[in-house]
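These notes are about the structure you will find just below.
Residue numbers start from 1 in every chain, and the chains themselves are labelled A, B, ... in the order their sequence lines are given, proteins ahead of strands.
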Protein chains: 2
Amino acid sequence: MKINPADLNQVNVLKEAPLEDLNLLVEKSILRSVEEDSFYFFQGDPAKYAYILVTGRVKLVQSNPAGQQVNLRTIKQWEMFAALGAIRPDATYPVAAQALEPSSALAIESSLLREMMQTRPYLNFGLMQLMTGYIQEMQERYRELATEKVERRLALTILRLASQIGIKSQGQIELPLSQQDIAEASGSTIYTVSRTLSEWEKRGLIETGRGRIVMRNPHGLVEIAEGAESA
Amino acid sequence: MKINPADLNQVNVLKEAPLEDLNLLVEKSILRSVEEDSFYFFQGDPAKYAYILVTGRVKLVQSNPAGQQVNLRTIKQWEMFAALGAIRPDATYPVAAQALEPSSALAIESSLLREMMQTRPYLNFGLMQLMTGYIQEMQERYRELATEKVERRLALTILRLASQIGIKSQGQIELPLSQQDIAEASGSTIYTVSRTLSEWEKRGLIETGRGRIVMRNPHGLVEIAEGAESA
DNA sequence: CGTTGGGTTGATCCAACTCAAACGACGTGG
DNA sequence: CCACGTCGTTTGAGTTGGATCAACCCAACG
């Protein structure tokens with residue numbers, strides 16, 4: 001498969017990039033395809049590459065020593081991931097990247113990215129925007145985990161995921177995620193997620209299916225996320 | 001009070017900065033002093049300034065709608081804070097900055113910082129290092145909150161705080177924080193913190209006093225943080 | 001059509017939060 | 001220097017949200 005360099009303008013960090021830079025990136029990088037459930041890299045690997053996702057979906061997960069894991073982020077097409085490793089020459093990935101479905105991504109050598117950053121202000125700004133977004137999101141999620149009860153956290157998680165990777169189809173937003181994924185993204189368990197989603201489905205807020213959630217009434221979720229308790 | 005520009009080299013982000021830049025920063029910025037418990041800024045304020053802490057200690061806190069708050073970071077002398085606001089021209093502070101003791105900080109206009117970033121690669125790199133550090137720490141803390149029990153989280157929190165703001169005195173490390181601060185930093189309550197610290201004090205791991213914790217046996221804390229449960 | 005893996009549901013349990021009360025270190029003013 | 005009020009800390013008792021465990025259901029797929 002070939003990548004059209006011009007497509008890279010859809011990457012947030014590269015919106016301002018001149019075509020010659022995009023050509024350079026495509027030319028100097030390789031396209032890596034991984035099958036479903038396989039990994040682009042593991043937590044602790046040397047951060048040799050940054051990636052731009054070309055097809056499929058990828059999740060970034062972090063595990064504790066006991067193997068329990070949390071979902072830190074889900075990556076969609078034309079998103080850059082693992083860019084942090086490009087900053088420090090000797091860094092290791094603080095997370096693992098696992099394909100949610102058959103995927104392919106452009107693997108850019110961290111050293112190339114570092115070189116380019118020396119002379120391209122747009123790259124610095126783009127990466128900083130990306131990073132500040134991450135920081136703010138993680139701070140919010142941390143606070144939510146520390147202060148909010150699960151139902152509210154679940155609503156917040158689903159709304160956040162919807163804005164990040166939701167797929168619009170006939171006016172409705174669909175999340176192609178299993179309840180396991182939701183549990184790991186919200187800091188809960190599949191049991192509690194299942195019970196809560198069933199309850200919401202009864203109330204007509206959402207519709208659930210194997211590996212997907214359809215939002216029927218986003219406003220109702222917002223109310224749960226920030227409003228008063230349900231009776 | 002006067003700031004000696006050369007002192008700014010102690011700021012991580014400005015380690016590589018030439019003296020003329022430091023002079024410029026001091027000259028164009030103002031020194032703000034705030035008394036204990038007062039705020040440099042509140043969550044949601046327009047991010048007009050970035051700060052470098054000159055004296056005292058400051059904590060960054062985030063509150064939820066109900067007013068419960070979490071401690072995201074404690075700032076010590078010569079640390080830069082609120083630098084994220086400098087990235088986007090129209091940003092607001094996502095956290096509040098409250099003085100833990102009488103403090104003073106150099107208030108640098110965000111716009112000045114942005115201008116300087118255009119032509120000073122060291123600044124970009126410094127800020128990116130800072131940001132990647134934040135991201136990784138927040139990701140870790142998020143995972144800890146999601147997967148670890150309080151005792152372990154408390155140990156991790158105290159070890160982390162010790163490395164960030166611990167004060168070495170006669171071979172021991174002291175944390176000048178109240179149990180309220182520890183609770184807000186670890187995502188727990190003062191009651192659980194008090195009980196746990198009392199238990200640790202009985203075991204000789206630490207020593208507690210009003211508003212301070214002395215680490216007697218850091219290795220023991222590390223064991224709790226990553227080891228098996230205590231009998 | 002059998003197997004697999006996501007989802008559901010009920011029963012149980014416990015870690016940690018909540019609430020209430022008292023304690024004790026510290027600073028202040030008389 | 002003592003009395004007092006404040007505020008951080010401690011401790012006990014009671015409660016509970018949500019995790020855990022076990023069993024089952026059912027849709028998808030080879």
Applying a 4.0 Å non-hydrogen cut-off, can you work out what B:Ser194 is touching in the nucleic acid: base, sugar-phosphate, or nothing? base

If I compare all heavy atoms of A:Pro176 with all of A:Ile165, which pair ends up nearest, and what's the gap? CD-O, 4.3 Å

When rounded to whole Å, the CD to P distance for the pair A:Gln179 and C:dG7 reads 5 Å

Side-chain N or O of B:Thr189 versus OP1/OP2 of C:dC17: is the shortest distance under 4.0 Å? yes

Rounded distance in Å - NZ (B:Lys202) to P (D:dT9): 17 Å

The nucleotide from D:dG8, C:dA16, C:dT8 with an atom nearest the side chain of B:Ser178 is D:dG8

Residue pair A:Arg210/A:Glu201 against DNA chain C: nearer the 5' end by closest nucleotide is A:Arg210

Whole Å only: how far is the CG atom of B:Leu177 from the P atom of D:dC7? 19 Å

Would you say the side-chain atoms of B:Glu151 and B:Thr196 include a donor-acceptor pair closer than 3.5 Å? no

How about B:Asn12 and B:Gln129: does a side-chain donor come under 3.5 Å of a side-chain acceptor? no

Please check if any side-chain donor atom of B:Glu144 sits under 3.5 Å from a side-chain acceptor atom of B:Gln139, or the reverse. no

Rounded to the nearest Å, what distance is computed from the CD atom of residue B:Glu207 to the P atom of nucleotide C:dA25? 14 Å

Under the ring-ring contact (aromatic ring centres under 6.0 Å, His included) criterion, do B:Phe81 and B:Tyr51 qualify, and how do the steps go? CA-CA 5 Å; B:Phe81 62 103; B:Tyr51 291 88; 5.3 Å; yes

Rounded to whole angstroms, how far apart are CD on A:Gln180 and C1' on C:dT8? 15 Å

Taking only the side-chain nitrogens and oxygens of B:Thr208, find out if one of them lies under 4.0 Å from OP1 or OP2 of D:dT9. no

Terminal axis angle for the helix from C:dC1-D:dG30 to C:dG30-D:dC1, five pairs an end, nearest 10 degrees: 40°

Under 4.0 Å: is that the gap between some side-chain N or O of B:Thr192 and OP1 or OP2 of C:dA16? no

Whole angstroms only, please: what is the CZ-P distance between A:Arg153 and D:dG17? 14 Å

Could you check whether B:Tyr93 and B:Phe42 have their ring centres less than 6.0 Å apart? no

May I ask you to verify if any side-chain N or O of A:Ser188 is less than 4.0 angstrom from the OP1 or OP2 atom of D:dA19? yes

If only side-chain N and O atoms count, and only distance matters, is there a donor-acceptor pair under 3.5 Å linking B:Tyr49 with B:Arg32? no

Nearest-angstrom distance from the residue atom OH of A:Tyr191 to P of C:dT9: 14 Å

Over how many whole Å does the gap from B:Ile190 atom CD1 to C:dA22 atom P extend? 17 Å

With distance as the sole criterion, do the side chain of A:Arg195 and the base of C:dG10 form a donor-acceptor contact below 3.5 Å? yes

